[in-house]
Amino acid sequence: QVQLVQSGAEVKGPGASVKVSCKASGYSFTTYGFSWVRQAPGHGLEWMGWISPKNGNTKYAQKVQDRVTMTTDTSTSTVYMELRSLRSDDTALYYCARENGGAIIYFDYWGQGSLVTVSS
Amino acid sequence: DIQMTQSPSSLSASVGDRVTITCRASQSISRYLNWYQERPGKAPKLLIYVASVLQSGVPSRFSGSGSGTDFSLTISSLQPEDFATYYCQQTYGIPRTFGQGTKLEIK
């Protein structure tokens, strides 16, 4: 069965970087893209960007594009999201989601979420 | 960016009720609209994609409709496990924006 297992919670200081991982299993890794979505406490869902494991192509939301890098490791079927220059408003639950692509796009499987807390 | 606006932001209803949540896009998105359910402490779950297609395993009491800028999610007879927050999402353009969510609470 399809599973996305994310790395654990992190606490970082302002200005630091964090790298969250998402390990996929149960299907052919390069067949589907991944999106990263975050949810700040008490807020809704915010799309951060997308990566294709097939060719490494990425698309980022303008809000974070200067601070985020998404990568994949096909040898371990793992996707990574690194966010730099962390601020307090980056405190959130970060999700990876498998993106069923092509003309019709939806997020059919989600990781369990990784809590990132930015605090001095 | 395409803005997605859901209404209402919160809704109180009883088990067995029929409820409808609406989602409006700031520009036409054809039918590229998905609905997700988020229960407390759980990751979002896909319910409906391309406006009206039920994801495998989702109960038939959930249905979606709409095209262009106006969409709706209907739950025909609320069950206890349906009390959650619901989000619409457009995938017509980048960024793939979500609505602000509708919290469905027990009356």
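Side-chain atoms are counted along with the backbone in the values below, which use heavy atoms only and exclude waters and symmetry mates. Throughout, a chain's letter reflects where its sequence line sits, starting with A, and its residues are numbered from 1.
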_Nearest 0.5 angstrom please: Leu45(A) CG to Thr97(B) OG1, how far?_
11.5 Å
*Parallel, tilted or perpendicular for Phe107(A) and Tyr36(B), by the 30°/60° rule?*
tilted
_Membership question, hydrophobic clusters at under 4.5 Å side-chain separation (ILVMFWY): are Tyr94(A) and Leu4(A) in the same one?_
yes
*asked:* Sort by residue number and list every residue of residues 37-59 of chain B having at least one heavy atom under 4.5 Å from chain A.
replied: Glu38(B), Lys42(B), Ala43(B), Pro44(B), Leu46(B), Tyr49(B), Val50(B), Gln55(B)
*May I ask you to check whether over 12 heavy atoms, not counting those of Gln62(A), lie within 6.0 Å of atom CD?*
no
*Check whether Ile105(A) and Ile29(B) end up in the same hydrophobic cluster, where Ile, Leu, Val, Met, Phe, Trp and Tyr are linked by side-chain heavy atoms less than 4.5 Å apart.*
no
*Find the one option among Gln89(B), Gln100(B), Arg31(B) whose heavy-atom pairs under 4.5 Å with chain A are most numerous.*
Gln89(B)
_Pair Glu99(A)-Arg96(B), side chain to side chain contact (heavy atoms under 4.5 Å, CB included): steps then yes or no_ = CA-CA 11 Å; Glu99(A) 183 174 301; Arg96(B) 309 203 201 288; 2.9 Å; yes
*Should Met81(A) and Leu86(A) be regarded as members of a common hydrophobic cluster, given that ILVMFWY residues are connected when their side-chain heavy atoms come within less than 4.5 Å of each other, either directly or indirectly?*
yes
*Is the number of heavy atoms from other residues, nucleotides or ligands within 6.0 Å of OH (Tyr92(B)) greater than 12?*
no
*State yes or no: do Trp47(A) and Tyr60(A) share one hydrophobic cluster built from I, L, V, M, F, W and Y residues joined by side-chain heavy-atom distances below 4.5 Å, directly or via other members?*
no
*Calculate, to the nearest 0.5 Å, the distance between atoms CH2 and OG1 belonging to Trp50(A) and Thr91(B) respectively.*
13.5 Å
*Identify which part of Tyr106(A) has an atom lying under 4.5 Å from any heavy atom of chain B, answering side chain, backbone, both or neither.*
both
*Closest approach of Phe98(B) and Glu46(A), non-hydrogen atoms and distance?*
CD1-N, 4.4 Å
_Closest non-hydrogen atom pair, Tyr32(B) against Ala103(A)_ = CE2-O, 3.0 Å
*For the hydrophobic clusters of this structure (ILVMFWY residues joined by side-chain heavy atoms under 4.5 Å, transitively), does one cluster hold both Trp36(A) and Val68(A)?*
yes
*State, to 0.1 Å, how close Gln39(A) and Tyr87(B) come at their nearest heavy-atom pair, and which atoms those are.*
NE2-OH, 3.2 Å
